[in-house]
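In what follows, chains carry the letters A, B, and so on, assigned in the order in which the sequence lines appear, proteins first and then strands, with residues in each chain numbered from 1.
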Amino acid sequence: MTDKSHDPNQMTGAAMIVRALIDHGVTDIFGYPGGAVLPIYDEIFQQSEVQHILVRHEQGAGHAAEGYARSTGKPGVALVTSGPGATNMVTPLTDALMDSIPLVCISGQVPTHLIGNDAFQECDTVGITRPCTKHNWLVRDVNDLAKVLHEAFYVATTGRPGPVLVDVPKDVQFATGTYHPPRKSDVHRSYAPRVKGDATQIRKAVSLLANAKRPVIYSGGGVINSGPEATKLLRELVEVTGFPITSTLMGLGAYPASGKNWLGMLGMHGTYEANMTMHDCDVMLCVGARFDDRITGRVDAFSPNSKKIHIDIDPSSINKNIRVDVPIIGDCGNILGDILQVFKAEAKKPDIKSWWQQIAQWRARNSLYYKKSNDVILPQHAIQSLFEATRGRDTYITTEVGQHQMWAAQFYGFEEPHRWMTSGGLGTMGYGLPAAIGVQVAHPDSLVIDIAGDASVQMTMQEMSTAVQYELPIKIFILNNQYMGMVRQWQQLLHGNRLSHSYSEALPDFVKLAEAYGGVGLQVHKPSDLDGAIKEMISVKRPVLFDCRVAALENCFPMIPSGKAHNEMLLPEQANDEATAKAFAGGKALV
Amino acid sequence: MNQPASAYFIEDRHDPNETHTLAVLVQNEPGVLARVIGLFSGRGYNIESLTVSETEAQKHLSRITIVTTGTPMVITQIKNQLDRMIPVYQVVDMTQTKRSIERELAMVKVRGQGEHRVEALRLADAFRARVIDATTESFVFEITGNTDKINQFIDLMRPLGLVEVSRTGVAAIGRGPEGM
């Protein structure tokens with residue numbers, strides 16, 4: 001028998017976890033200690049390769065890891081204890097699942113002999129997180145731990161990315177076993193996501209594109225997830241074909257907002273030109289998007305006369321909401337490359353001049369119009385000023401969820417991918433502040449701004465303390481209208497203007513709050529003071545709460561009203577009380 | 001169409017439902033059945049029948065046979081959603097291949113005397129059901145066949161003193177020399 005005491009691969013489960021993080025190139029993790037993860041924290045204490053960021057609530061760790069992942073393309077890692085630590089991770093895990101964010105969560109569990117006994121801080125973590133992870137594992141034997149950890153990173157980052165969770169009982173953390181570096185056999189043989197697109201389908205797609213009279217490209221978060229090559233190829237495809245391009249909320253930045261073929265975002269609060277182009281097109285190329293209900297509006301009236309090509313790495317996204325003509329399953333970077341190759345070899349740029357003329361007419365409706373004021377700051381104006389002040393800088397934007405999020409998507413121009421972190425699928429209020437922390441950890445010298453609402457930001461406000469502790473100079477730009485603006489907007493449009501519990505009667509003094517945390521508070525009321533205050537915010541090298549008091553009752557337009565199609569948008573100039581009432585009278589349901 | 005005030009577009013779907021039998025080959029590991037069942041309950045799919053058992057012990061493979069109903073679009077979704085689960089090797093739609101055999105086993109307890117008892121035995125014989133337990137006032141029949149045949153047998157036993165039924169659910173396999 002060999003003497004195992006000198007084998008460097010013999011180590012405790014806790015040591016294996018840290019070792020696996022290092023082997024996967026993880027430099028930063030977000031977490032919160034507790035009884036069931038103390039052995040892991042003991043290992044973290046005794047090394048310096050992995051930096052641990054202590055949050056104030058496990059949800060914050062999850063969103064910070066998401067921000068980290070979304071802004072780097074690398075997996076985000078969170079470490080939490082059993083019971084409440086794990087249940088507090090449910091929201092970020094679900095959020096990451098909906099938005100396809102690679103996230104690895106390691107949770108402590110009570111010792112194996114106590115599992116099922118209702119032990120202190122016990123919960124069925126793998127049971128609770130099964131529907132909100134791409135996959136999860138409970139490790140009962142320390143000799144399985146290395147394999148499971150390596151598989152977890154593989155599953156999180158390949159195919160359609162997503163969150164995974166590894167639940168490690170405390171006795172497994174203490175036990176000694178054999179570690180091995182990542183190897184191919186760590187992964188289930190049944191897991192083999194398809195990457196390469198089918199050649200016949202690609203030819204069909206090219207033939208449709210080459211003969212299109214009224215084409216549109218509709219891209220999504222999948223392009224960004226696929227990596228820089230996919231973004232490059234998407235831009236090249238737009239250039240080679242001359243087609244107009246729109247994008248989902250999650251896809252902003254893949255094509256630059258300053259690009260001449262850019263139509264703006266589509267969907268419920270998308271631009272008129274983007275939605276009309278989608279509705280009237282004859283060929284639609286959907287790249288890495290999933291025909292979400294905020295995008296399609298009324299499904300039976302969605303782009304009724306078009307042939308639809310759908311590129312997606314997840315076969316279950318195909319024909320889920322909208323029936324498509326040419327599905328292509330695989331990685332969108334890969335497939336865009338193939339499409340370009342065939343297109344360049346066999347097709348020439350179609351003449352779509354008259355289509356662009358039509359689009360120009362829709363653009364001329366100026367659907368993002370709003371009326372500026374000298375007395376009160378309009379939220380749209382605040383975002384535009386922020387955009388102008390940060391243009392050309394190395395800037396990352398996160399958001400919370402609500403009106404401010406839609407205005408940020410409409411009025412902040414993204415030139416590059418990975419610069420825009422927002423909770424799209426789940427719509428998690430409280431996402432933006434901790435996400436900004438994660439982004440700032442990954443990019444210490446960049447300008448990181450959370451465009452926030454006064455209601456959302458209070459959901460994870462405690463993470464200001466984290467930002468101060470680690471000297472992360474995040475900027476929390478609060479569009480403060482004292483309402484849950486989007487809730488109020490719906491109540492106005494759908495529920496007879498009965499503003500049931502959407503007004504925050506007792507808001508904190510955000511300036512004092514910032515100071516209490518050890519950060520900097522700024523407040524601005526007047527449009528004339530806005531630019532100066534934004535300048536000051538940017539120049540401060542500490543965490544800032546920026547209380548931007550905006551017009552309280554401004555609503556977010558344009559929008560697709562109830563059970564309506566893309567070509568029945570409500571534009572801002574029509575959004576007086578009478579027209580709004582009429583638009584919502586028949587259907588009475590916001591799409 | 002009059003819609004209620006809602007944040008979602010509420011759509012009436014009129015596609016007719018179809019019944020499909022799916023064979024799902026999975027890694028036999030803790031929680032795998034919970035994943036499959038959770039998918040059905042979480043996404044609102046129907047399970048009409050479910051059987052599961054290890055079929056290749058050395059390879060740790062189990063076979064789950066699910067009978068489900070839904071519109072063609074939903075059936076496709078179910079197959080794709082199952083297929084993307086990490087421990088799932090293969091999903092085969094036994095109904096779509098049209099070349100599969102489906103069988104179910106049922107044990108049917110009937111209590112009665114006199115003419116009823118004779119009639120139950122006579123019907124059992126016609127259905128090729130076997131008597132696997134008997135007392136002076138009862139029988140337990142074992143019957144195999146497709147779901148329709150078993151339903152029919154149970155219906156016939158009802159007036160003859162049906163006490164209880166235990167069914168395995170549907171198992172299915174393709175015809176011909178090829179495996180799945």
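In Ile47(B), the CD1 atom is crowded: over 12 heavy atoms of neighbouring residues, nucleotides or ligands sit closer than 6.0 Å. Within 6.0 Å of atom CZ in Arg128(B), 12 or fewer heavy atoms from other residues, nucleotides or ligands are found, so the atom counts as exposed in its surroundings.
Rounded to the nearest 0.5 Å, atoms OH (Tyr89(B)) and NE2 (His188(A)) are 7.0 Å apart. Expressed to the nearest 0.5 Å, how far OG of Ser316(A) lies from CD1 of Ile78(B) amounts to 12.0 Å. Going from atom CG of Asn136(A) over to atom CD1 of Ile86(B) covers 10.5 Å, rounded to the nearest 0.5 Å. In this structure, CZ on Arg323(A) lies 7.5 Å from OG1 on Thr76(B), to the nearest 0.5 angstrom. Arg130(A) contributes atom CZ, which lies 12.0 Å from atom CG of Leu39(B) (distance to the nearest 0.5 angstrom). The CZ atom of Arg189(A) sits 7.0 Å away from the NZ atom of Lys59(B) when rounded to the nearest 0.5 Å.
In this structure, the portion of Arg84(B) lying under 4.5 Å from any heavy atom of chain A is its side chain and not its backbone. For Pro315(A), the parts lying near chain B are the backbone and the side chain together; criterion is any non-hydrogen pair under 4.5 Å. In this structure, chain B has a heavy atom under 4.5 Å from the backbone of Ile318(A), while its side chain stays farther away. With a threshold of 4.5 angstrom between heavy atoms, Gln81(B) approaches chain A through its backbone and through its side chain.
Across Arg35(B), Gln27(B), Glu29(B), the residue that shares the most heavy-atom pairs under 4.5 angstrom with chain A is Arg35(B). Of the listed residues Val126(A), Asn319(A), Asp314(A), the one with more heavy-atom pairs under 4.5 angstrom with chain B than any other is Asp314(A).
Using a 4.5 Å heavy-atom cut-off against chain A, no residue of residues 101-117 of chain B qualifies as contacting.
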